[in-house]
Amino acid sequence: MPHLEPSPRHEIAHLGHVELFTPEPEKSLEFFVDVLGLTENGSRGDSVYLRTWDDYEHHSVKLTAAKTSGVGRTAMRASSEAALKRRVAAIEERGLGVGWADGDTGIGPTYVFRDPDGHEMEIYWETEKYDPPEHLRPSLKNQAQAYPARGVCVRRLDHVNYLAQDAAANGGFICDALGGRVTEQIRLDSGVISGQWTHFAQKSYDLVYTNDWTRSSGRLHHIAFATDTREDILRAADIALDKGVFIETGPHKHAIQQTFFLYVYEPGGNRIELCNPTARLIFAPDWEPVTWTEAERAKGQAWGLKTIESFHTHGTPPVEA
């Protein structure tokens, strides 16, 4: 029988962690620890490693002091050593590879590359499983860390939403080279795909691309953290109010992906989404992308709230249009 190459589907296991740049490192660190409830897990140079309480790996966010805001390198874990090598070959075929690097804190050998828009990414297989100190050791052995009971207490890093010159080209790269799949998208009357939501496993989305109105490259729209319940989002709004955190919009519900959300700005200027996707998972192996029209998107969010103007214009790092 002929040898069949394995499908690229599920060769990326999940979104691993993301690097976030901030010009206000001390204030941003305070936000992530005291407001969101992340836990510090070491530092290196200008970076501090932070983790959500139910992440099994070393860290969820690498917070790096920089001259301006924005997104650094996004990491994804492969499903095996062999899958890692196959995805590297697929990336190199498309001419977007940067090369192998020694792994950052908590991960092994890493392959660095860029998406078509220039966002820096990496994939890895070897990882350090989190071993909590005694004061963070959970009572239940199937939990990574004790519940911190501090701030919002976000459970996991949920997704990254990039701004890009061409959402469809970048979404296509995620699907073709990394084995992702488009779950939902927006098609304008002109035929242009202005946004694509992609996923790797059963969670309905991991990486999102939306067209950048400034026509810039490599920018960030937001990173998102998931909570246990929708009520946590309401509580997060109260916490943000008391802590003086700028609330951009929400709490409300997206029509796309049906996510209950709150958008805030952390002190460095990056947009942060606190989200609860309810129990929405995608199990269908033959899922077809759900396409939203320009008229449907003009209706606003799920319950008719018009999308706030800054949601279309604010990105990091800031640029002059």
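The residues of the chain are indexed from 1 along the displayed sequence.
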Shortest non-hydrogen contact from [X] toward [Y]:
X	Y	answer
Asp212	Leu163	OD2-CB, 3.6 Å
Pro317	Thr68	CB-OG1, 3.7 Å
Ala177	Ala90	O-CB, 3.7 Å
Arg150	Thr39	NH2-OG1, 3.8 Å
Gly97	Phe113	CA-CB, 4.0 Å
Asp189	Glu294	N-OE1, 2.8 Å

Determine whether [X] and [Y] make a side-chain contact, defined as any pair of heavy atoms from C-beta on separated by less than 4.5 Å.
X	Y	answer
Ile91	Ile123	yes
Tyr209	Pro116	no
Leu36	Ile272	yes
Leu157	Asp55	no
Tyr124	Arg77	yes
Phe21	Leu220	no

Under 4.5 Å between side-chain heavy atoms, hopping through other hydrophobics if needed: is there a path connecting [X] to [Y]?
X	Y	answer
Leu178	Ile282	no
Leu20	Val160	yes
Val61	Leu15	yes
Leu207	Val18	yes
Trp213	Ile186	no

[atom1] of [X] to [atom2] of [Y]: how many Å apart, nearest 0.5 Å?
X	Y	atom1	atom2	result
Ser204	Trp287	OG	CH2	8.5 Å
Asp232	Asn276	CG	CG	7.5 Å
Leu274	Leu262	CG	CG	5.5 Å
Gln165	Thr214	CD	OG1	8.0 Å
Glu120	Glu19	CD	CD	8.0 Å
Asp115	Phe173	CG	CZ	6.5 Å

Output yes when a side-chain donor or acceptor of [X] lies under 3.5 Å from a complementary backbone atom of [Y], and no otherwise.
X	Y	result
Trp100	Pro109	no
Thr249	Ile308	no
Glu11	Pro8	no
Thr52	Val154	no
Asp158	Cys275	no
Gln257	Thr259	no
Glu57	His59	no
Arg271	Gly315	no
Asp206	His159	no
Arg9	Gly179	yes

Apply side-chain hydrogen bond (donor to acceptor under 3.5 Å, both in side chains) to Glu273 and His222, showing your working.
CA-CA 7 Å; Glu273 181 184 14; His222 67 268; 3.0 Å; yes
Any chance the rings of Phe311 and His221 have centres within less than 6.0 Å?
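Judged by ring-centre distance (under 6.0 Å), Phe311 and His221 do meet the cut-off.
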Compute the ring centroids of Tyr49 and His17, then answer whether they are less than 6.0 Å apart.
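No, ring centres 6.0 Å or more apart.
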For the residue pair Arg187 and Trp292, would you count it as a cation-pi contact if the rule is NZ or CZ under 6.0 angstrom from the ring centre and within 45 degrees of the ring axis?
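Cation-pi check for Arg187 and Trp292: fails.
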So, are Asp286 and Arg181 salt-bridged, with charged N and O less than 4.0 Å apart?
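So Asp286 does not pair with Arg181 through a salt bridge.
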I'd like to know if Asp131 pairs up with Lys129 as an ion pair, taking the criterion as any Lys NZ or Arg NE/NH1/NH2 lying under 4.0 Å from an Asp or Glu carboxylate oxygen.
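No, this pair does not count.
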Hey, mind stepping through Val98 and Glu122 against side chain to side chain contact (heavy atoms under 4.5 Å, CB included) and telling me if it holds?
CA-CA 9 Å; Val98 174; Glu122 65 184 8; over 6 Å; no
List the residues meeting ring-ring contact (aromatic ring centres under 6.0 Å, His included) with His254, not counting sequence neighbours, and say none if there are none.
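Checked His254 against ring-ring contact (aromatic ring centres under 6.0 Å, His included); matches are Phe261, Tyr263.
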Sequence neighbours left out, what passes side chain to side chain donor-acceptor pair (under 3.5 Å) with Asp54? Give chain and number order.
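Expected list: Arg155.
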Flag for His58-Arg51: side-chain donor and acceptor within less than 3.5 Å
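The answer is no; no qualifying pair exists.
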Distance alone, cut at 3.5 Å: any donor-acceptor contact between the side chains of Asn270 and Thr22?
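There is no such pair (donor and acceptor under 3.5 Å, judged by atom type) between the side chains of Asn270 and Thr22.
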According to the side chain to side chain donor-acceptor pair (under 3.5 Å) rule, which pairs have a member within residues 235-247, sequence neighbours left out?
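Side chain to side chain donor-acceptor pair (under 3.5 Å) check on residues 235-247 returns no pairs.
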